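Only one structure is covered here, and it is reproduced in the block below.
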Amino acid sequence: MNLDDNIKKQKLKGNKYIRDPIHDIIKIEDQVILDLIDTKPFQRLRYIKQLPFASYVYPGATHTRFLHSLGVYHLSTRLLDSLEVDDEYDRLLVKVAALLHDIGHGPFSHLFEELLKMAGYTDRVKDHEIWTTKIIKEDKEIERILKQISPKFNEEVRSIISHTHKKKLLMDIVSSQFDADRLDYMLRDSYMTGVKYGNFDLNWLLRTLSRKNREKRDEDNNVIGDEICFAVEKQRGLSCLQEYLLGNYYMYEHVYFHPVVIGLESILILALKKAMKLLKNGRITGFYNNVFKKLSNAESLTIKDYLSLNDSVIISWLHDWRNSDNTELSQLSSELLNRKPYMVFQSKKSWKHDSRVCQIYKENSLNFEFQFREREVSRLALKGDYDYKENLKIPLKIYIYDRKNNDIASFDELSKNNKLNEVAKAISELEFKEYFITTPRTIEKSFKSILEGNQNE
């Protein structure tokens with residue numbers, strides 16, 4: 001049986017439908033998609049929240065990576081249709097990559113990456129995208145399903161996710177600065193939290209997209225060939241695109257970086273940090289988990305180890321630790337479970353090495369190592385030209401097509417040259433960058449006085 005026959009064989013005789021609060025109806029046309037949804041690694045995403053602690057501020061934000069992944073799959077099909085991608089192999093490749101793009105997320109999503117870093121793991125181990133490609137490659141259930149398409153299908157799916165595939169257009173649909181992932185999480189997170197920042201006119205934006213050929217250039221701006229990309233039409237879609245970019249920026253500033261969310265994230269990280277040290281020193285009693293023991297010693301994790309972890313597992317540990325003989329671990333666990341977030345201060349400078357902070361902790365008999373966290377956060381409304389992953393330079397440009405002049409150029413290039421409008425120029429310069437310092441509330445006044453004194457200096 002040849003490749004075309006394999007793809008035709010995947011078509012369902014009767015489509016399957018999933019009801020969704022954002023997209024209304026998600027249509028499943030291929031057996032391979034149904035089979036992948038039913039795998040253990042994908043079903044695990046039901047137990048990993050999209051926004052781990054947002055529900056402590058916005059009670060409706062209890063949606064999961066499972067639901068988000070279905071939404072990304074759906075939007076990938078809409079982008080394929082809008083861009084008139086007709087090749088059935090390419091379409092299936094993108095749909096599978098979109099469905100599986102988040103399968104490597106650990107418990108509490110990006111927080112788990114910080115835990116792995118804190119435990120001493122290398123970048124290749126802590127990055128959820130590395131785990132995504134590793135799971136797709138090594139999980140027997142997924143491997144068997146993808147092999148039905150072609151021997152190289154598994155490898156090509158991974159190349160789409162890792163941004164090493166030869167077709168830029170297919171990669172950008174799944175991962176770029178304007179992709180199915182962002183389109184879904186903005187609309188979904190906005191709806192589930194009840195805020196309006198992430199709302200934008202999706203249907204109209206998709207109508208303004210088109211495939212375009214453009215010159216491909218190297219780092220020195222030399223033409224090295226042609227590539228197919230997609231662009232937003234300037235005359236019809238610019239305002240909608242700007243709405244999308246601003247909405248993404250404001251979602252980070254007001255939802256993802258909300259002080260209560262940051263304060264609770266800090267308690268979780270500090271509790272896990274404390275527990276790892278206690279376990280490593282043999283000082284946790286009445287608790288045993290082989291995977292957490294490996295984490296504490298930065299030992300190699302297997303696929304089975306990694307997939308055994310989810311939000312519920314970590315929460316069960318916190319319930320155990322709430323009754324710990326160690327006062328710090330017990331207190332941290334109780335504060336998180338009872339929604340008692342640490343106090344969050346925002347500053348333009350780092351405070352973790354300031355002697356005055358250490359003195360406050362000492363005077364109040366607090367453990368600086370396990371009761372202080374500082375996180376530098378930043379967000380650009382329009383990202384730079386490139387992103388770097390595994391020493392790979394990945395272009396992040398959003399292209400604008402001028403129908404009147406039959407010309408295509410990047411959003412950032414046009415805005416810098418004042419060829420769009422004042423809103424575009426403002427977007428290209430809009431940046432949020434702060435240090436978030438989290439401390440116990442008992443020293444709120446003391447820490448605040450230092451911050452205010454520093455501002456008056």
Side-chain angles (χ1 to χ4, degrees), residues 22-23 68 71-72 74-76 78-79 81-83 168-169 171-212 214 229-258 377-387 394-434:
I22 307 303
H23 307 299
H68 164 63
V72 177
H74 170 74
L75 285 178
S76 74
R78 294 199 63 184
L79 282 165
D81 292 340
S82 295
L83 298 169
K168 171 180 169 58
L169 181 71
M171 294 186 293
D172 285 352
I173 289 173
V174 178
S175 178
S176 61
Q177 197 167 177
F178 174 50
D179 55 31
D181 181 25
R182 285 166 177 77
L183 293 173
D184 182 80
Y185 79 61
M186 280 182 62
L187 293 171
R188 191 172 302 280
D189 294 351
S190 183
Y191 177 84
M192 299 304 288
T193 56
V195 305
K196 307 303 180 185
Y197 307 113
N199 285 338
F200 59 92
D201 195 342
L202 172 67
N203 292 331
W204 187 255
L205 192 54
L206 292 180
R207 282 181 61 86
T208 69
L209 294 183
S210 58
R211 294 169 58 178
K212 297 296 175 185
R214 66 178 303 276
C229 62
F230 62 84
V232 175
E233 186 185 318
K234 177 181 177 180
Q235 284 73 18
R236 296 191 302 162
L238 180 60
S239 295
C240 194
L241 176 62
Q242 290 174 164
E243 181 184 32
Y244 159 80
L245 290 170
L246 283 171
N248 187 274
Y249 177 84
Y250 289 132
M251 284 296 289
Y252 274 85
E253 185 174 14
H254 297 294
V255 177
Y256 309 139
F257 296 153
H258 191 287
V377 300
S378 62
R379 190 69 183 179
L380 295 166
L382 184 72
K383 291 188 177 181
D385 290 349
Y386 296 95
D387 189 14
I394 302 172
L396 289 172
K397 293 179 181 293
I398 297 177
Y399 292 102
I400 304 294
Y401 172 62
D402 188 336
R403 184 173 54 182
K404 291 181 179 179
N405 300 316
N406 193 28
D407 184 42
I408 180 173
S410 66
F411 186 102
D412 56 317
E413 178 186 344
L414 291 170
S415 61
K416 288 176 184 176
N417 294 328
N418 297 314
K419 292 184 177 181
L420 292 178
N421 55 31
E422 289 299 315
V423 176
K425 186 176 181 180
I427 288 173
S428 65
E429 297 173 352
L430 195 58
E431 180 180 10
F432 177 87
K433 188 173 183 179
E434 297 276 344

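No experiment lies behind these values; they were computed from the predicted model shown.
- With a 4.5 Å cut-off on side-chain heavy atoms, W204 and T208 count as touching.
- In this structure, the side chains of Q242 and N421 come closer than 4.5 Å at one or more pairs of heavy atoms.
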Item to check | Check against side chain to side chain contact (heavy atoms under 4.5 Å, CB included), V195 and H254 | outcome: CA-CA 9 Å; V195 305; H254 297 294; over 6 Å; no

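- Using a 4.5 Å heavy-atom cutoff, the side chains of N248 and Y185 are in contact.
- Minimum heavy-atom separation, K212 to A231: CG-CB, 4.2 Å.
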Next on the checklist: Run L79 and L183 through side chain to side chain contact (heavy atoms under 4.5 Å, CB included) and show every step you take.
Outcome noted: CA-CA 10 Å; L79 282 165; L183 293 173; 4.2 Å; yes

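- For D407 and Y401, the side-chain atoms include no donor-acceptor pair closer than 3.5 Å.
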Item to check | Worked verdict on L382 versus Y249 for side chain to side chain contact (heavy atoms under 4.5 Å, CB included) | outcome: CA-CA 9 Å; L382 184 72; Y249 177 84; over 6 Å; no

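- Remark: of the listed residues Y252, Y250, F257, Y256, F257 is the sole one forming a ring-ring contact (aromatic ring centres under 6.0 Å, His included) with F432.
- Within the 4.5 Å cutoff, no side-chain heavy atoms of I400 are placed close to those of E413.
- D179 and D172 get closest at one heavy-atom pair: CB-O, 3.4 Å.
- Using a 4.5 Å cut-off on side-chain heavy atoms (C-beta onward), Y244 and V232 make no contact.
- Counting only heavy atoms from C-beta outward, the side chains of L420 and F411 approach each other to under 4.5 Å.
- Listed here is the closest heavy atom pair of R214 and C229: CD-SG, 3.4 Å.
- Checked by atom type and distance alone, the side chain of T193 pairs as donor or acceptor with a backbone atom of S190 at under 3.5 Å.
- Counting only distance, with no hydrogens or angles, the side chain of R236 and the backbone of R207 share a donor-acceptor pair below 3.5 Å.
- Heavy atoms only, all atoms of each residue included: L202 and R78 are closest at CD2-NH1, 3.8 Å.
- Heavy-atom neighbours of K419 NZ from other residues, nucleotides or ligands within 6.0 Å: at or below the threshold of 12.
- Within the model, atoms CD of E422 and OG of S415 stand 11.0 Å from one another, a figure rounded to the nearest 0.5 Å.
- Contact check for L246 versus L430: side-chain heavy atoms found under the 4.5 Å cut-off.
- To the nearest 0.5 Å, atoms CD (E434) and CZ (R379) are separated by 15.5 Å.
- Interatomic distance, D412 CG to Q177 CD, rounded to the nearest 0.5 Å: 8.0 Å.
- Between M186 and F200, the closest side-chain pair of non-hydrogen atoms falls below 4.5 Å.
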Next on the checklist: For Y197 and D189: C-alpha separation, side-chain torsions, deciding distance, then whether side chain to side chain donor-acceptor pair (under 3.5 Å) applies.
Outcome noted: CA-CA 10 Å; Y197 307 113; D189 294 351; over 6 Å; no

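- Atoms CG and CG, from L187 and N199 in turn, are 6.5 Å apart once rounded to the nearest 0.5 Å.
- Among all heavy-atom pairs drawn from K425 and S428, the shortest one is O-OG, 2.7 Å.
- In terms of modelled atom types and a separation under 3.5 Å, the side chain of Q235 and the main chain of R403 share a donor-acceptor contact.
- Side-chain contact of D184 with H23: a donor-acceptor pair under 3.5 Å is present, judged by distance alone.
- Taken from OG in S82 to CG in L205, the straight-line distance is 9.0 Å, to the nearest 0.5 Å.
- The minimum heavy-atom distance between A180 and L75, with the atom names listed, is O-CD1, 3.8 Å.
- Note that the CG atom of L380 and the CG atom of L245 stand 11.5 Å from one another [nearest 0.5 Å].
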